[in-house]
2 protein chains.
Amino acid sequence: MNIQDVILGILSEKPHSGYDIKRHFEEYFSFFFDASFGTIYPTLSKMEKLGLISREAVRQEGKPDKNMFTITPEGEQHFQKYLRQPAEKEVLRSDFLMHLYFGDMADEETMHTLLREALRAKQEMYDDLEHKLQELDKIGKLTSSQKLCMELGLVQYEAFIRKVQSALES
Amino acid sequence: MNIQDVILGILSEKPHSGYDIKRHFEEYFSFFFDASFGTIYPTLSKMEKLGLISREAVRQEGKPDKNMFTITPEGEQHFQKYLRQPAEKEVLRSDFLMHLYFGDMADEETMHTLLREALRAKQEMYDDLEHKLQELDKIGKLTSSQKLCMELGLVQYEAFIRKVQSALES
DNA sequence: GAGAGCATGTAAATTGTTACATGATTGA
DNA sequence: TCAATCATGTAACAATTTACATGCTCTC
């Protein structure tokens, strides 16, 4: 999976600007993927050159002009190929778990703060994700796989929260 | 968190070679951090120059010579500073969830295979991690925070497995 | 008047992977 | 004899982040 595949997936539904794409990342799947504008804009130009997407300048009133990108038939083919590939191994990078791992080298106070803070952060992520799921589902904006995708995030967050809570209690 | 902090943590316990460090990554925390030799060796040289670690060449019989690295007092100070910093946000990058998210654009067969394979892969990771936890705990090689660290991995894997199983059944 | 949102883009720097190169020993 | 393990290192490349640059509109 590279960012190109993800952009093609988003454009499969309907045309988006670079700015829209970034918002989509944040709104729909910030919990398992993210990219910055510094990656998005150069990638869009590259994909245009490759013929996977096409650009159309759109004038707006009261707002800056924008470039709307549409997927081409080649882009669609490319994306279908991606979908049929087996999924790559998932990668987690957790500074919290690293701190915890070396916990015996720090004092109890530091460790207690670490756990409390991790719990708070994860609870916030849980609430955010649950709220998004509710809102999007209510207005029928979620397919069943998208719902499963978010629910998978939720059940894992929940398991984490329970475990950290029980560790803090003992 | 960068790889330097992680290396300092490992060297806090006892001296290691670059090769040992890589094995430690794999054995103890491959599920939340990893790095290749291409990163480890240049980093070790850099850290030596910075005075965080020192190098000692060791001759071995029947095996290639190796460089053993020891943490210096400056390195220890550096690591203590790391431990007291708040943990950075954790980052997950999941190609499986991306495939699932765009699932309605693929056929049922493809999606079914995706879920089956994700389930199999996660079950394997669960078994691996549980086995490691058992083995290391039995010989008293785990501190309580290290145990919690691994258990946190296990409960999240378990939640994932349950959810995917129930999705496959329905 | 400040800050947030909308909108695009570049440049520098960092970070990291993959592949290559070398070479001995051990076990199947 | 082949693959795996031990052991170190470089070089090319890929990916990505952060900071900078610009500028309008709307809300507080």
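Below, all heavy atoms of this structure are taken into account, side chains as well, without hydrogens, waters or symmetry copies. Just so we're on the same page: letters track the sequence lines, and every chain starts at 1.
- In this structure, B:Thr39 reaches the C:dT17 phosphate: one of its side-chain N or O atoms is under 4.0 Å from OP1 or OP2.
- Looking at residues 23-37 of chain A, you'll see A:Arg23 sit with a heavy atom under 4.0 Å from some atom of DNA chain C.
- OP1 or OP2 of C:dG9 has at least one side-chain nitrogen or oxygen of A:Arg55 nearer than 4.0 Å.
- A:His99 approaches B:Gln85 most closely through the heavy-atom pair NE2-O, 3.1 Å.
- No contact: A:Ser45 has no heavy atom under 4.0 Å from any strand.
- The backbone N or O of A:Asp5 lies less than 3.5 Å from a partner atom in the side chain of A:Asn2, making a donor-acceptor pair.
- For the pair B:Ile3 CD1 and C:dT14 P, the computed distance is 16 Å after rounding to whole Å.
- Within the nucleic acid shown, A:Gly18 comes within 4.0 Å of sugar-phosphate atoms alone, with no base atom in reach, counting heavy atoms only.
- Residue B:Arg93 places at least one side-chain N or O closer than 4.0 Å to OP1 or OP2 of D:dT16.
- Taking CG of A:Asp34 as the reference point, atom NZ of B:Lys89 lies at 8.0 Å (rounded to 0.5 Å).
- A close approach under 4.0 Å does not occur between any side-chain nitrogen or oxygen of B:Gln60 and OP1 or OP2 of D:dC6.
- Using a 4.5 Å cut-off between side-chain heavy atoms of Ile, Leu, Val, Met, Phe, Trp and Tyr, with links allowed through other members, A:Val6 and A:Leu50 fall into the same hydrophobic cluster.
- One interatomic measurement links the two molecules: CZ of A:Phe69 to C1' of C:dG9, which rounds to 11 Å at whole-angstrom precision.
- Between A:Glu26 and A:Arg23, no side-chain nitrogen of the basic residue sits less than 4.0 Å from a carboxylate oxygen of the acidic one, so the salt-bridge criterion is not met.
- Listed here is the closest heavy atom pair of A:Leu154 and A:Tyr126: O-CE1, 3.5 Å.
- For D:dC6, the OP1/OP2 oxygens have no side-chain nitrogen or oxygen of B:Arg59 closer than 4.0 Å.
- Following rounding to the nearest Å, B:Met1 (CE) and C:dG16 (C1') show an atom-to-atom distance of 14 Å.
- For B:Asn67 and D:dG9, the shortest distance from a side-chain N or O to OP1 or OP2 is below 4.0 Å.
- Ionic pairing of A:Lys122 and B:Glu90 is present here: one or more N-O contacts between side-chain nitrogen and carboxylate oxygen are shorter than 4.0 angstrom.
- We find that CD of B:Gln4 is positioned 12 Å from P of C:dT14, with the value rounded to whole Å.
- Between the NZ atom of A:Lys22 and the C1' atom of C:dG9 there is a distance of 15 Å, given to the nearest Å.
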How does protein reach along nucleotides 23-28 of chain D, written 5' to 3' as B (base within reach of a heavy atom under 4.0 Å), S (only sugar-phosphate), or - (no contact)? B-S---

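- Taking atom CD1 on A:Ile40 and atom C1' on D:dA15, their separation rounds to 14 Å, with Å as the unit.
- A sub-4.0 Å separation between OP1 or OP2 of D:dC6 and a side-chain N or O of B:Ser17 is absent.
- The distance from atom OH of A:Tyr41 to atom P of D:dA19 is 18 Å, rounded to the nearest whole Å.
- In this structure, A:Asn2 reaches neither bases nor backbone, as no heavy-atom distance under 4.0 Å exists between it and the strands shown.
- Looking at A:Asp95, its side chain does come within 3.5 Å of a backbone N or O of B:Glu88 through a donor-acceptor pair.
- Between the NZ atom of A:Lys49 and the C1' atom of C:dG9 there is a distance of 13 Å, given to the nearest Å.
- Judged by distance alone, with hydrogens and angles left aside, the side-chain atoms of B:Asp137 form no donor-acceptor pair with the main-chain N or O of B:Gln134 at under 3.5 Å.
- Within the 3.5 Å criterion, the main-chain N or O of A:Glu76 finds no donor-acceptor partner in the side chain of A:Gln80.
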